[in-house]
Amino acid sequence: MATVFKRGGKSNRRGYWYISWWDADGYRRTKCSRTTDKATADRMAAKFEADAAARRSGVIDATLERFGIEARRPIPKHVAEYKAHLEARQNTTRHVTLTIAHIDAIIRQCEAQTIRGLTGAGVMKAIDTIRRAGNRKVKDEARRGTMSLRTCNAYLRSIKSFTRWLWIEKRCPDDLLVGLRGFNEETDRRHLRRELTADEIGCLLAVVEHFTTAMHNLPGPDRAMLYRLALGTGLRASELRSLTPESFNLDTEPATVSVAAAYSKRRREDSQPLRADLARLVRNWLADKPHGERLFVAMPDNTARMLRNDLEAARATWINEAKENAAERERREKSDFLRYRNAAGEVADFHCFRHAYVSAIVAGGASVKVAQELARHSTSRLTVDRYAHARLHDLHGALDALPDYDRRQEVSSEAGELRATGTDDATASPSEGAQRWAQRAQRGLSRNDAKPSEDSAITLALNETPGASQVEAPGELMRASANTGDKRRRSESNRRWRICNPLP
């Protein structure tokens, strides 16, 4: 039964009436009526009591009522609570900041006040507007252009993760954007990575080993080891930045390097094997490193700029090696060797070391599944689709199963010329087909010693015709069998020929 009463004290100076009632879940509720009229407070109490009874009896659906309450709330409150949810799930600060920025940008373009204002058509129009606006941080209008489809997909993933969270939290009856599909990024690729060749990597490491500059925060030997570890393990820049001397286990076979789950992209502890030669280099390099401290903590955030400067220094050294030969120097200056961006527009940033690692694994004979495990991808399709070099190596290896048609044509033509001149039997050695038939006949002799004369006649007939071709061998066998006067046995038949009449 609902009751109406007044509270004393400074908190109720205006004399508001309070209402107390039992809700549908059996909890005692108390609420201020915000009115000084007792009759009005009584009507409100009766309304609360009737609503609680309707909910208990099922007349009012509590779920639909919740949807209505959440739909009337301002959408910025939902976004703030979603941000707190992402932070509670231990996502990185960069991921949370970028996701919320994408969501806020789309909501502003849609002019949505509540979650009902987010529709599929409105979101796609908002993303298209953002794409056409381009990167406003770039002051040059000619370079501003439009955003890539990959960036548009990032906006779409952020807003779809928000609407899915609303549906999971029972804040809306369904996922508002479940029907939206991503853009085809292959039609608008802006940042194409290239794979450094073995010669380029060798020149780069040789120069970086003795090239120290204040711009990179790391001395030359440390940067060279950083590049070696990236090439030999496939670890990402953030994962390499977290390594300490304790991350390496060089006393096992094989030696390994481990990345803590807090720094791994897939949020689990990873251990990557090291080759024996790389493990020896790491052991010598760690001799004077302090324990418990990160090895590459001073690595700059802009790793692409660091590698670009190192590539320029290595390329200048490589070109100067041919200063005495003008023609060779001109050829080197025109080549793409050690260029950050080649003539095709492909760049060699820090992540290209990971591409080189995966591609080298597949090119060495490993399957895509093994490459997936070493690359620490969730699916092999991600390895194949994202790292096109690995897919090309794997497909090229499958081409080895194709026969050499030109060689077969040459052999066929040569055999035809010998048959036309009539010299094939006189000069040719026993054909492989005749030899196989003789071996089968010999096996038949060992299985059935009761009739040695038949098998001896077959073997003699084959040995007496050294020029018999593979096509003529079955005929010789059949004629030899006919001369014996007995029926052919099943083991003496040509297993590659289809015989209509069954053998006895």
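All values derive from a computational prediction rather than experimental measurement. Basis for what follows: all heavy atoms, side chains included, without hydrogens, waters or symmetry-related copies.
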Would you call [X] and [Y] a salt bridge, taking side-chain N to carboxylate O under 4.0 Å as the test?
X: Arg132; Y: Asp128; answer: yes
X: Glu169; Y: Arg164; answer: no
X: Glu209; Y: Arg223; answer: no
X: Arg280; Y: Asp277; answer: no
X: Arg315; Y: Glu312; answer: no
X: Arg332; Y: Glu321; answer: yes
X: Glu200; Y: Arg194; answer: yes
X: Arg376; Y: Glu239; answer: yes

Output all residues satisfying ring pair (Phe, Tyr, Trp, His ring centres under 6.0 Å) with Trp17, sequence neighbours left out; order by chain, then residue number.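 Result, ring pair (Phe, Tyr, Trp, His ring centres under 6.0 Å) vs Trp17: none returned.
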Is it the case that over 12 heavy atoms from other parts of the model lie below 6.0 angstrom from the [atom1] atom of [X]?
X: Glu111; atom1: CD; result: no
X: Trp167; atom1: CH2; result: no
X: Lys160; atom1: NZ; result: yes

Interatomic spacing from CG in Asp61 to OG1 in Thr63 - rounded to 0.5 Å:
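Rounded to the nearest 0.5 Å, the CG-OG1 separation comes to 5.0 Å.
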How long is the gap from NZ on Lys31 to CH2 on Trp21, to the nearest 0.5 Å?
->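 Separation between the atoms: 6.0 Å.
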*Just jot down the side-chain contact (heavy atoms from CB on, under 4.5 Å) partners of Tyr357, sequence neighbours excluded, or say none.*
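In terms of side-chain contact (heavy atoms from CB on, under 4.5 Å), with neighbours along the sequence ignored, Tyr357 is linked to Gln272, Ile361, Leu374.
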| request: Return yes if a side-chain donor-acceptor contact under 3.5 Å exists between Tyr227 and Asp310, otherwise no. | output: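 Short answer, yes.
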Is there side-chain contact between Phe162 and His78, with at least one heavy-atom pair below 4.5 Å?
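Side-chain contact under 4.5 Å: yes.
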Six-ring centre of Phe296, Arg241 cation under 6.0 angstrom, axis tolerance 45° |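 Output no; distance or angle outside limits.
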